[in-house]
Amino acid sequence: MPWSGIKNPYRIWISEIILQQTRVKQGWDYYLRFIERFPDICSLASANEDEVLKYWEGLGYYSRARNLLKAAKQIEELHGGKFPNTYADIISLPGIGPYTAAAISSFAFGLSYPVLDGNVLRVISRYTSNDGDILSQSTKKEMLKYLQEVFKKVEDPAVFNQAIMNFGAMQCVPSSPECGECIMCKNCKAYEEGIVNMLPVKIKKIKKKKRYFSYFDLEDEAGNRLIFRRDKQDIWQGLYEFLMVESKVLKTLSDAEITKTFDESQIKIKGKITLTKVHEYKHQLTHQTIIAKVYALKCKKIKESGDEMLIANSLSGYAFPRLLDLYLQENKVNYD
DNA sequence: AAAACGTGGAT
DNA sequence: TATCCAAGTTT
């Protein structure tokens, strides 16, 4: 990994945030680019949120990027720009929870805090044959208690944390681990009981809802486009999109309905709106399925409009959800 | 305390 | 195709 062996708390912080619910392969390039553009706390703290989000574009869980910026500012104000070196100060930063606080505390400062992530949860549940639901608070508490006991004998918390996570990622894998070759099998209770494949227990009930988005990508003859920043408490907060109407059911809008939508949004346009093409996308998220139609529209000129919207000639500085990023790439929109 | 938050790759 | 999973946190 690009960050292995690094002691720089800032870099460890960035890498740990990127790795939250994200595979190394997926986050690798993001880490390199992020570090290059924002090499230290100071450069991040003075950045603009749109740019930070642009560097996060496509990675998902965008609150991570927004919190990164907030935290950098907090470090500037409360800690004089120097990364805090106590667990209490670290966990008080936005975007940093128990796992990340323990990771930074041990990796950067050698403090004795056990990490408890998905890997560790799996390893401990098998090793101790604990069939509690690892998503429940009580099971996590139980396992953390177990680890804290173990940590009394741990000399190098950083090495131990790194080791147990790697062990989970490489040996004690979720499905069909090779227990016969495992160095821990002699003391593994789940192995002894023959229930390795039953563990860990995860009880989750996610109900997926379907949402239907109609996007209107209006471009004028000068190549200007109309975009909006998503600021509501919803998916993709802080990212940009075209004028959008959400509906309960899938529908195809007529030219008249499209024109009406622009009229109602009090957008001033010179010339008639003409439809070039309708693109369809299905986008799968954890808790919802987005079914989107993107109407590619042209007009003579987009005039100044309300302050919630933006008329942009180049879209390269704005972060878009993957769905729209795909659309922009497919249509070779001025996007650099 | 449960539900929401993204995306891509594996099963 | 559907579901699960990945170095979790916030509300």
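Source: prediction; values computed, not measured. The sequence lines fix the lettering, A, B, ..., with proteins before strands; numbering per chain opens at 1.
The listed nucleotides are B/dG8, B/dG6, C/dA6; the one nearest the side chain of A/K202 is C/dA6. For A/H287, whose side chain is taken as the heavy atoms from C-beta onward, the closest listed nucleotide among C/dT9, B/dT7, B/dA4 is B/dA4.
Nucleotide B/dG6 holds its P atom 14 Å from the CD atom of A/E57, rounded to whole Å. Rounded to an integer number of Å, the gap from CE of A/M170 to C1' of C/dA7 is 14 Å. Atoms CZ (A/R122) and P (C/dC4) sit 16 Å apart, rounded to a whole Å. Look at CZ on A/F167: it is 14 Å from P on C/dA7, rounded to the nearest Å. When the P atom of C/dA7 is taken as reference, atom NZ of A/K140 falls 13 Å away, rounded to whole Å. Whole-Å rounding puts the A/Q21 CD to C/dG8 P distance at 5 Å. As a whole-Å value, the separation of A/I96 CD1 from C/dA7 C1' is 14 Å. In this structure, the CG atom of A/L199 is 13 Å from the P atom of C/dC5, given to the nearest Å.
Residue-to-nucleotide proximity on DNA chain B shows that, of A/W236 and A/K25, the 5′-proximal contact is made by A/W236. Between A/P98 and A/P174, the residue whose closest nucleotide on DNA chain C is further toward the 5' end is A/P174. The 5' end of DNA chain C is approached more closely, in terms of each residue's nearest nucleotide, by A/K282 than by the other of A/K282 and A/I91.
A/R66 comes within contact range of no nucleotide atom at all, as no heavy-atom separation falls under 4.0 Å. If you check every strand for non-hydrogen atoms under 4.0 Å, A/I235 touches sugar and phosphate atoms only. Looking at heavy-atom distances under 4.0 Å, A/Q284 makes contact with a base. A/G58 comes within 4.0 angstrom of the backbone, heavy atoms only, and of no base. Heavy atoms of A/L135 sit nowhere under 4.0 angstrom from any nucleic acid atom.
Because its NZ or CZ atom is both nearer than 6.0 Å to the ring centre of A/Y30 and within 45° of the ring axis, A/R33 counts as a cation-pi partner of that residue.
Between the side chains of A/Q20 and A/Y99, no donor-acceptor pair of N or O atoms lies under 3.5 Å. A/D40 and A/S43 share a side-chain donor-acceptor pair at under 3.5 Å.
Comparing C/dT9 with B/dG8, their P atoms are spaced 22 Å from each other, to the whole Å. With P as the reference atom, B/dA3 and C/dC4 are 15 Å apart, rounded to whole Å. With P as the reference atom, B/dA4 and C/dA7 are 23 Å apart, rounded to whole Å.
Looking at heavy atoms from C-beta onward, A/T252 lies out of side-chain contact with A/V278 at the 4.5 angstrom threshold.
Within the structure, every side-chain polar atom (N or O) of A/Q20 is placed at least 4.0 Å from both OP1 and OP2 of C/dG8. Phosphate contact (OP1/OP2 of B/dT7, side-chain N/O of A/H283, threshold under 4.0 Å): present. When the side-chain nitrogen and oxygen atoms of A/Q288 are compared with OP1 and OP2 of B/dC5, one or more of them lie within a distance under 4.0 Å. For B/dG8, the OP1/OP2 oxygens have no side-chain nitrogen or oxygen of A/R23 closer than 4.0 Å.
With hydrogens and angles ignored, a donor-acceptor pair closer than 3.5 Å exists between the side chain of A/Y61 and the base of B/dG6. Within 3.5 Å, no donor on the side chain of A/T100 pairs with an acceptor on the base of C/dG8, nor the reverse.
Put simply, A/L310 and A/L315 are part of the same group of oily side chains (I, L, V, M, F, W, Y) that touch within less than 4.5 Å, one to the next.
Aromatic ring pairs are classed by plane angle as parallel below 30°, tilted from 30° to 60° and perpendicular above 60°; the pair A/F34 and A/F38 is tilted.
Under the 4.0 Å criterion applied to side-chain N and carboxylate O atoms, A/K270 and A/D220 are not assigned as salt-bridge partners.
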